[in-house]
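Before any comments, here is the structure.
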Amino acid sequence: MSSSQVPILEVQNLKVYFPIRSGLFRRTSGWIRAVDDVSFRLRKGTTTGLVGESGSGKTTIGRAILRLIPITSGKIFYEGKEIVSLSSKEFRPYRKKIQMVFQDPYNSLNPRLTIEQTIGEALEIHFPQLNRRQRRDRIAELLNKVGLKAEHMDRYPHEFSGGQRQRIGIARALAVEPDLLVCDEPVSALDVSVQAQIVNLLMDLQAELGLTYLFISHDLALVEHISDMVLVLQSGKLVEAAPAEEIYRNPRHPYTQKLLEAVPKL
């Protein structure tokens with residue numbers, strides 16, 4: 001396989017089990033199979049939608065990719081390099097390459113930090129060569145890119161609307177110049193009127209920067225609008241994977257059909 005054909009991310013037989021503890025000594029009495037033998041690939045510069053009902057394991061997959069939770073078994077490759085077995089120090093460069101946009105834009109921002117401090121933290125860690133003026137210039141550039149203004153950097157999260165806070169979260173994710181964004185229900189906590197603005201922003205950024213998205217959502221209508229490929233997850237198992245057009249025109253799995261039937265018809 002040539003370098004141009006190597007997927008930016010490949011997940012092989014991923015399992016994430018959580019222990020069920022019971023009794024006085026909290027012994028493990030069973031396991032919750034949050035993700036059960038899931039495999040897929042992401043092609044560079046594309047959007048892959050990961051859909052399923054609440055509790056299907058979508059967010060767990062996203063967090064496992066970023067090593068925010070331990071995995072039970074399986075392999076994850078980034079541009080052909082296996083990253084699960086890496087030490088924390090070895091994995092650090094990949095934290096620049098893979099970033100996450102979280103579901104709740106308020107809880108994902110520290111209320112005690114200004115926007116400059118929030119975005120500046122990532123710049124200090126990953127670009128220590130930048131001085132204060134260079135960091136402020138970079139933060140101003142990022143805010144402008146997501147539709148905010150340079151003067152916003154001196155404000156605190158509570159001074160912004162939900163949509164603006166999510167734009168800040170996107171700016172923070174972009175600060176380290178990633179190639180892959182895991183977008184975990186990035187608009188589900190926002191008003192319907194704002195959702196389209198954020199989705200359009202993500203699509204514009206992808207076109208400009210060549211980003212790859214894993215777009216996690218329970219909203220199949222939204223996923224259809226933004227995705228090239230769609231993965232359907234049911235109770236931790238991948239039950240269908242196909243190009244978006246095919247999924248919506250000819251869903252094969254009964255669970256996919258059920259999800260599509262629940263989409264409101266306009």
Side-chain angles (χ1 to χ4, degrees), residues 8-9 42 44-50 58-59 61-69 76 78-79 83 91-111 113-128 130 135-150 152-153 155 157 160-190 194-195 197-217 222 226-227:
I8 189 170
L9 188 87
L42 304 184
K44 188 172 179 62
T46 65
T47 297
T48 298
L50 179 59
K58 306 185 301 296
T59 293
I61 289 175
R63 291 178 176 270
I65 290 170
L66 277 93
R67 290 186 32 166
L68 298 177
I69 56 172
I76 301 173
Y78 185 87
E79 294 185 333
I83 59 176
F91 185 70
R92 183 175 173 180
Y94 292 92
R95 295 203 179 278
K96 282 180 62 176
K97 298 175 182 292
I98 312 171
Q99 285 287 301
M100 194 166 199
V101 177
F102 294 92
Q103 177 177 359
D104 188 333
Y106 189 73
N107 288 336
S108 67
L109 301 174
N110 188 329
L113 299 183
T114 65
I115 303 312
E116 178 186 1
Q117 292 169 324
T118 295
I119 300 175
E121 274 187 331
L123 293 176
E124 286 184 42
I125 293 170
H126 293 287
F127 300 99
L130 298 180
R135 282 199 303 272
R136 281 184 66 89
D137 288 346
R138 175 61 176 153
I139 293 166
E141 178 188 346
L142 287 163
L143 291 175
N144 181 66
K145 195 177 289 291
V146 300
L148 297 174
K149 298 178 180 178
H152 287 148
M153 74 173 74
R155 300 181 186 177
F160 296 91
S161 68
Q164 288 174 321
R165 285 196 288 263
Q166 193 58 290
R167 289 174 187 269
I168 294 165
I170 294 169
R172 178 180 58 184
L174 293 178
V176 297
E177 301 175 1
D179 296 315
L180 170 62
L181 285 187
V182 176
C183 302
D184 182 17
E185 299 269 14
V187 299
S188 64
L190 305 178
V194 180
Q195 291 182 1
Q197 297 174 20
I198 298 301
V199 169
N200 288 335
L201 170 64
L202 288 169
M203 294 174 73
D204 289 344
L205 290 169
Q206 183 177 53
E208 178 185 350
L209 303 173
L211 297 167
T212 304
Y213 294 147
L214 178 62
F215 193 92
I216 298 169
S217 180
L222 177 62
I226 196 173
S227 299

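Below, each value reflects all heavy atoms present in this structure, side chains not excepted, and no hydrogens, waters or symmetry copies. Residues take their numbers from the sequence shown, with the count starting at 1. Please read all numbers here as calculations on a predicted model, not as lab measurements.
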I'd like to know if the side chain of [X] and the backbone of [Y] have a donor-acceptor N/O pair within less than 3.5 Å.
X	Y	value
R135	L130	yes
E185	Q103	no
T212	G45	yes
Y78	I98	no

Rounded to the nearest 0.5 Å, what separation is found between the [atom1] atom of [X] and the [atom2] atom of [Y]?
X	Y	atom1	atom2	result
D179	Q99	CG	CD	11.0 Å
T48	L42	OG1	CG	4.5 Å
I170	I198	CD1	CD1	5.0 Å
Q197	L190	CD	CG	9.5 Å
L50	L214	CG	CG	5.5 Å
I83	R95	CD1	CZ	9.5 Å

Side chains of [X] and [Y] in contact at under 4.5 Å (non-hydrogen atoms):
X	Y	answer
Q206	I226	no
L66	V182	yes
Q166	L201	no

Could you pull out the closest heavy-atom pair between [X] and [Y], with the gap in Å?
X	Y	answer
V176	K96	CG2-O, 3.6 Å
F160	R165	O-NH1, 2.6 Å
V101	P186	CG1-CB, 4.1 Å
I119	A171	CD1-CB, 4.0 Å
M100	A173	O-CB, 4.1 Å

- Check against side-chain contact (heavy atoms from CB on, under 4.5 Å), L174 and L181: CA-CA 9 Å; L174 293 178; L181 285 187; 4.3 Å; yes
- Task: Give the intermediate values and the outcome of side-chain contact (heavy atoms from CB on, under 4.5 Å) for residues I115 and L148.
- Result: CA-CA 11 Å; I115 303 312; L148 297 174; over 6 Å; no
- Apply the test side-chain contact (heavy atoms from CB on, under 4.5 Å) to residues F215 and L222: give CA-CA distance (whole Å), side-chain angles for both, the deciding distance (0.1 Å), then the verdict. CA-CA 10 Å; F215 193 92; L222 177 62; 3.9 Å; yes
- Task: Might you work through the side-chain contact (heavy atoms from CB on, under 4.5 Å) test for I76 and L9, ending with a clear yes or no?
- Result: CA-CA 7 Å; I76 301 173; L9 188 87; 3.8 Å; yes
- Message: I'd like to know if R136 pairs up with E116 as an ion pair, taking the criterion as any Lys NZ or Arg NE/NH1/NH2 lying under 4.0 Å from an Asp or Glu carboxylate oxygen.
- Response: yes
- Within 45° cone and under 6.0 Å: R138 NZ/CZ vs F127 ring: no
